[in-house]
Structures are given as structure tokens and as C-alpha cells.
Amino acid sequence: MRLDKYLTAVTDLSRAESKKILKFNRVTVDGARVTDPRTHVEESAEVAIDGEVLRAATARYFMLHKPLGYVSATKDREHLTVLELFDEDNLDQLHIAGRLDIDTTGLLLLTDDGQWSHRVTSPNRDCQKTYLLETADPITDEAVVKIEQGIHLDNEKRPTKPAQMEVVDVQTARLTISEGKYHQVKRMLAAVGNKVEMLHRERIGHIVLDEDLMPGEYRALTPEEVASL
Ligand code: URA
């Protein structure tokens, strides 16, 4: 979409006013100052006026307590998808901000705001995610040290970023990571010779799974939750 049109769509500025603030060098797109109203803006771009990031007024943001057995996809031939748990219009416009495996439960965020979901998933954003996990074998001190320092996983160029692991019980821990590599938590535990038997996401950034939501239930995020990411 053209930048001036975008500004008109997500603020209450008129097209003429949008052009004016562009001319006065007050707008950035992904951190770079832009003055040309014809500039093309991607859905995932971060547009700001005077340093304040804009969001589409009509955007929707939900948290779902993902149950077991549902895939984090919008379409799937074999399995139920998490979208089937939603009773909302225009479901095809929603996308998942940070997937969970079919056998993982817990906090899943869905939105139609590409810029916002980029903040959750972009590796450069260091958005922290906390998981509660149970393992097949006892969790050793050595495993905790390795996981916290960063582990080289198969087929990855770089080791995982430093993480925090709090052992809750012999085979239970709370792990906070700031990336979202494919099957990351399961692969981290496998790399220290253990196996994840249960995985549940409790938190993404400052957004905590609402304890009033039963598995399969969802609710809209509050404006404070949306703004916190
Ligand atoms: N890490 C995993 O291994 N699986 C998930 O679903 C989420 C993080």
C-alpha cells in the first residue's frame, strides 16, 4: 500500500495532512525517514510518526489457550486447526504470531496486524517466551548450565541465545527463550540427552496466558496487552 494511503487508513489524518507530515520529515518506515508519499509499505513494516509506532485501528488481537491435538495453521488436511476454535468474522485474515506444535498447549496469539506479529516472531526483537515443561528423565545441573549458555542444535548456524531455566521439580522446569526456532525447546532438551514429555507456553513478552481460559477458549487482548509488545 502507498504510504500516504496507509497513514490515512491507520490514523485520523486526511490524505493532505498525511502528505504534510511526510514533507516535514516526521515519518519513519522500519526506522528510516521517508518523505515520499508514494513509497510502498509492506504489511509487516513498522511505520512511526515522531517515533510513535502506528497500528491499524481495525486490527484484531486474540489470545487462545491452545489445546492438545490442534495444529497452529490456518488450513490442514488431516488435523483440526486452531482457527476452528474461533467464532469470528473474516477468519481468513487472522494469522498466528508464533506457532506451537500439535502436542504443545498454552498461549497462542492470533492477529491480523502483520507489524505486530513481526514483533513477536522477529529474531531481532528478543521477545521472551516462557514454557513449562516435563521431561522423561531428571533434569541435571549440567543440562541447565548448557541450556542457559546456549546450545548448538543440528542444522543451525548459530547456537541458541542465552536462556533462563528454573528447575521446578526433578523432571519439571520453566524455560524462557527469546527465539522461536523449529521445535526449539524439544531440540534443546534432546541436545542434553533428555526428552520433553509435556510442553505448555505460559507467556509471550509481557502477555501471560489468562488462567480463566480453559483449553480451547480465547479472548481479545486488552489494549495494554497489545501495546506491551
Ligand atoms: N518449542 C517446541 O519444541 N515446541 C513448541 O511447540 C514450542 C517451542
Find out whether [X] and [Y] are in side-chain contact, i.e. whether some heavy atom of one side chain is under 4.5 Å from a heavy atom of the other.
{"X": "Val208", "Y": "Leu107", "answer": "no"}
{"X": "His79", "Y": "Ile102", "answer": "yes"}
{"X": "Met63", "Y": "Ile207", "answer": "yes"}
{"X": "Val185", "Y": "Leu133", "answer": "yes"}
{"X": "Pro215", "Y": "His65", "answer": "yes"}
{"X": "Leu175", "Y": "Thr130", "answer": "no"}
{"X": "Gln149", "Y": "Pro162", "answer": "no"}
{"X": "Ile177", "Y": "Gln184", "answer": "yes"}

Joint cluster assignment, [X] & [Y], ILVMFWY side-chain distance < 4.5 Å:
{"X": "Leu94", "Y": "Val82", "value": "yes"}
{"X": "Tyr61", "Y": "Leu108", "value": "no"}
{"X": "Leu221", "Y": "Phe86", "value": "no"}
{"X": "Met198", "Y": "Val196", "value": "no"}
{"X": "Leu110", "Y": "Leu91", "value": "yes"}

Check whether any side-chain N or O of [X] sits under 3.5 Å from a backbone N or O of [Y] as a donor-acceptor pair, and report yes or no.
{"X": "Ser18", "Y": "Leu7", "result": "no"}
{"X": "Glu197", "Y": "Glu134", "result": "no"}
{"X": "Thr104", "Y": "His200", "result": "no"}
{"X": "Glu217", "Y": "Met214", "result": "yes"}
{"X": "Lys66", "Y": "Tyr70", "result": "yes"}
{"X": "Arg26", "Y": "Ile49", "result": "no"}
{"X": "Glu17", "Y": "Ser14", "result": "yes"}
{"X": "Thr8", "Y": "Asp4", "result": "yes"}

Answer yes if the side chains of [X] and [Y] hold a donor-acceptor pair under 3.5 Å, and no otherwise.
{"X": "Arg99", "Y": "Ser72", "value": "no"}
{"X": "Ser117", "Y": "Thr111", "value": "no"}
{"X": "Glu225", "Y": "Ser228", "value": "no"}

Should the heavy atoms of other residues, nucleotides or ligands under 6.0 Å from [atom1] of [X] be counted, would the total exceed 12?
{"X": "Asn25", "atom1": "CG", "result": "yes"}
{"X": "Arg38", "atom1": "CZ", "result": "no"}
{"X": "Asp141", "atom1": "CG", "result": "no"}
{"X": "Asp87", "atom1": "CG", "result": "no"}
{"X": "His206", "atom1": "NE2", "result": "no"}

Residues [X] and [Y] bridged, charged N to O under 4.0 Å:
{"X": "Lys161", "Y": "Glu148", "answer": "no"}
{"X": "Glu202", "Y": "Lys129", "answer": "no"}
{"X": "Asp137", "Y": "Lys195", "answer": "no"}
{"X": "Asp113", "Y": "Arg60", "answer": "no"}
{"X": "Asp101", "Y": "Lys186", "answer": "yes"}

- Task: Identify, with sequence neighbours excluded, every residue that meets ring-ring contact (aromatic ring centres under 6.0 Å, His included) alongside Tyr182.
- Result: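 With sequence neighbours excluded, Tyr182 shows a ring-ring contact (aromatic ring centres under 6.0 Å, His included) to no residue whatsoever.
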Can you tell me how far apart [atom1] ([X]) and [atom2] ([Y]) are? Round to the nearest 0.5 Å.
{"X": "Arg219", "Y": "Phe62", "atom1": "CZ", "atom2": "CZ", "value": "11.5 Å"}
{"X": "Leu199", "Y": "Leu132", "atom1": "CG", "atom2": "CG", "value": "8.5 Å"}
{"X": "Leu22", "Y": "Leu3", "atom1": "CG", "atom2": "CG", "value": "5.0 Å"}
{"X": "Ile96", "Y": "Leu109", "atom1": "CD1", "atom2": "CG", "value": "10.5 Å"}
{"X": "Leu189", "Y": "Ile147", "atom1": "CG", "atom2": "CD1", "value": "4.5 Å"}
{"X": "Gln164", "Y": "Glu166", "atom1": "CD", "atom2": "CD", "value": "10.5 Å"}

- Worked check of side chain to side chain contact (heavy atoms under 4.5 Å, CB included) between Leu153 and Ile151: CA-CA 6 Å; Leu153 301 176; Ile151 299 196; 4.1 Å; yes
Determine the minimum heavy-atom distance between [X] and [Y], stating which atoms define it.
{"X": "Gly205", "Y": "Leu229", "value": "CA-CD2, 4.1 Å"}
{"X": "Tyr131", "Y": "Arg201", "value": "OH-NH1, 3.0 Å"}
{"X": "Pro67", "Y": "Leu85", "value": "CD-CD1, 3.7 Å"}
{"X": "Ala97", "Y": "Thr121", "value": "C-CG2, 3.9 Å"}
{"X": "Leu54", "Y": "Tyr6", "value": "O-OH, 4.2 Å"}
{"X": "Arg203", "Y": "Thr176", "value": "NH2-CG2, 3.6 Å"}

- Item | Test log, rule side chain to side chain contact (heavy atoms under 4.5 Å, CB included), inputs Arg158 and His152 | CA-CA 7 Å; Arg158 276 177 274 278; His152 215 122; 5.9 Å; no
- Task: Kindly determine whether Thr28 and Val34 satisfy side chain to side chain contact (heavy atoms under 4.5 Å, CB included), including the steps that lead there.
- Result: CA-CA 6 Å; Thr28 53; Val34 178; over 6 Å; no
- Task: Please test Ile139 against Val170 for side chain to side chain contact (heavy atoms under 4.5 Å, CB included), starting from the C-alpha separation and ending with a verdict.
- Result: CA-CA 6 Å; Ile139 301 161; Val170 186; over 6 Å; no
